[in-house]
Protein chains: 2
Amino acid sequence: MTRAAPKYHWIADQLRERILAGELAEGECIPGEPALMATYEVSRNTVRLALRRLADEGLLVADQGRGTFVRESPKPFEWNWSTIESRRRHEAYHDAGERDQWATTVTEAGRVPRQDIQVSIVTPPPPVAERLGLDPAAGVALLRRRVRSVDHEPYLLADSYFPVDLVQGTPLMEPRDVSAPGGVLASLGLVQARYRDEILPRMPTRREIEMLHLPAATPVAEHTRTGYDKDGRALRVMVTILPGGRHVSIYDVEAD
Amino acid sequence: MTRAAPKYHWIADQLRERILAGELAEGECIPGEPALMATYEVSRNTVRLALRRLADEGLLVADQGRGTFVRESPKPFEWNWSTIESRRRHEAYHDAGERDQWATTVTEAGRVPRQDIQVSIVTPPPPVAERLGLDPAAGVALLRRRVRSVDHEPYLLADSYFPVDLVQGTPLMEPRDVSAPGGVLASLGLVQARYRDEILPRMPTRREIEMLHLPAATPVAEHTRTGYDKDGRALRVMVTILPGGRHVSIYDVEAD
DNA sequence: AAGTGGTCTAGACCACTAA
DNA sequence: TAGTGGTCTAGACCACTTT
């Protein structure tokens, strides 16, 4: 005979069934902790263990003073990294003017984009230095740190690193929106011919949790895009932190 | 004056610092719960809240009866989805014979690959039916469900769905390894000309946690690859569940 | 047998939100 | 003010691993 499962597993299973069956609809408030204590005749800690278990699966979010709710999953944005910085595609959006594609995509969805930019000169973290071909100890880079928001809620973090010698004295050094037709670097005569993207799912750091207002048990995708010119020199590294559930990353791949 | 942070936040902060500073090395056992209760003069629950907080960040894993350990991050596998099923690249591995590329990559890393295959005819989940162009209610597909292991530890789940009319009576219907030079479908005269990949970071379901032996707070990436022939007909949908921390997904993108 | 983490109880007070 | 979830205590017994 197999060992009995802990009570809080069983309680979580019951609630999960009700959620997945739609009995407790998205955004709906579930019974409070005292109610669950009475229903299942357990202590409050046990109820809380069950709720935590479901929160860890991303099914519930608790809101202090209000209640615990079934997590809503609005339709995620589709983010096509194959075309996101292509010159071809940019032409299609040409009449969007100076707006970048992110802002365009968000606006098209009927929502309000916004970005805050900080610029500084830093010693980049070792993985970035490596990709830029810099001395990991002494090399410095221009860092453009952006927080992008949708409807005034922080949505993603995007840190771009440029070798300082490439961007010294250019508009990139100023904390303003510098999007331009064909890409930011193109206006400086630097043409990115190829990108390499690396995607890593992981749990967010405390800093990311706070900056993005992430509810518990929200993973992030760390996208690192390195741009190269036609000679294979790295021109830029962009590290984007995208919270789970709000987006899908898309790639179109030719089979050859 | 700002409100004081909870005790368990502070304790977690202390331990996190020691871990990130390398004072508590990877794989090392951290002080036991009784020791931490004494050190910080708090109850066991408070200690456990602090440890849970760090586990949720992916920094700790607890092992019943043994202790709590700083999580190890072995070098992740690099998984290049741009070339993973390309005919060009497959030629480079031609002398690997009948082995598929996954097995080849793992073997090259000096580890032992293995896959278990189950084959069945199913009504695919709605997102898959949609991608295959099937009736979501009545359409059926061939499902090849694989569990791939590295060094006898389950590593990823890969479910491939094929329209039944394409694969009726072919070797694909049998639960054996069917990799072939140029790809499985190529041997049936079905050529995939283009793929669309969709990547979604999320928390694992209970089933995934159990099948992959995932420690707490391990997110997964759900990769959905849809293969199309040159006329745009969907030939296959493959849903791969990749646990965080064990892999990096790579895409090479041409800027045009 | 001793030490680890896992489950569970019964209580208390606090912070926040809504009516 | 009443009700929600958040923090915290002080205990108990159990399951698992190591010695």
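Below, read A as the first sequence line, B as the second, and so on, with proteins coming before strands; counting in each chain starts at 1.
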> Rounded to whole angstroms, how far apart are CG on A:Leu60 and C1' on D:dG5?
Replying inline: 13 Å
>> Within the structure provided, determine whether A:Thr107 and A:Pro113 are in side-chain contact (heavy-atom separation under 4.5 Å).
In response: yes
> Any donor-acceptor pair under 3.5 Å linking the side chain of B:Arg18 with the backbone of B:Gln14?
Replying inline: no
>> Just the rounded figure in Å: distance from P of D:dC8 to OH of B:Tyr40.
In response: 14 Å
> Rounded to the nearest Å, what distance is computed from the CG atom of residue A:Leu36 to the C1' atom of nucleotide D:dT4?
Replying inline: 13 Å
>> Using 30° and 60° as the class boundaries, would you call the ring planes of B:Tyr40 and B:Trp10 parallel, tilted or perpendicular?
In response: perpendicular
>> Checking contacts here: which listed nucleotide (D:dC8, D:dT18, C:dG5) is nearest the side-chain heavy atoms of B:Lys7?
In response: D:dC8
> Would you say B:Arg48 reaches C:dG5's phosphate, i.e. side-chain N/O to OP1/OP2 under 4.0 Å?
Replying inline: no
>> Starting the side chain at C-beta, find the nucleotide from C:dT9, D:dT4, D:dG6 nearest to A:Glu33.
In response: D:dG6
>> Tell me whether the side-chain N/O atoms of B:Thr46 come closer than 4.0 Å to OP1 or OP2 in D:dT9.
In response: yes
> Within the side chain of A:Arg16, is there an N or O that forms a donor-acceptor pair under 3.5 Å with the backbone of A:Glu57?
Replying inline: no
>> Any residue in residues 206-218 of chain A with a heavy atom nearer than 4.0 angstrom to DNA chain D? Just list them by number, or reply none.
In response: none
>> Any donor-acceptor pair under 3.5 Å linking the side-chain atoms of B:Arg202 with those of A:Ser73?
In response: no
> Is there a side-chain contact between A:Leu157 and A:Arg207 (heavy atoms, below 4.5 Å)?
Replying inline: yes
> Taking CZ from A:Phe69 and C1' from D:dG5, how many angstroms apart are they, rounded to a whole number?
Replying inline: 10 Å
> Starting at CZ of B:Arg52 and ending at P of C:dG6, how long is that distance when rounded to a whole Å?
Replying inline: 9 Å
> Heavy atoms, side chains only, cut-off 4.5 Å: are A:Trp79 and B:Ile199 in contact?
Replying inline: no
> Hey, what's the ring geometry for A:His247 with A:His223, parallel, tilted or perpendicular (30° and 60° as the breaks)?
Replying inline: perpendicular
Distances under 3.5 Å between protein N/O atoms and the N/O atoms of nucleotides 12-14 of chain C, please, pair by pair.
residue: C:dA12; atom: N6; partner: A:Arg44; partner atom: NH1; Å: 3.2

> Closer than 4.0 Å, any side-chain N/O of A:Ser43 to the OP1 or OP2 of C:dA10?
Replying inline: no
> Between atom CH2 in B:Trp10 and atom P in D:dT7, what is the gap in whole Å?
Replying inline: 17 Å
> Start at the 5' end of DNA chain D and walk down; is the nucleotide closest to B:Val42 or to A:Ala62 reached first?
Replying inline: A:Ala62
> Just by distance, with hydrogens left out, do A:His9 and A:Arg53 show a side-chain donor and acceptor under 3.5 Å apart?
Replying inline: yes
> Hey, which of these two, B:Asn45 or A:Asp63, hits DNA chain D nearer its 5' end, going by closest nucleotide?
Replying inline: A:Asp63
>> Is the shortest side-chain heavy-atom distance between A:Leu59 and A:Arg71 below 4.5 Å?
In response: no
> Side-chain N or O of A:Tyr8 less than 4.0 angstrom from OP1 or OP2 on C:dT7?
Replying inline: yes
> Whole Å only: how far is the CZ atom of B:Arg66 from the P atom of D:dT18?
Replying inline: 6 Å
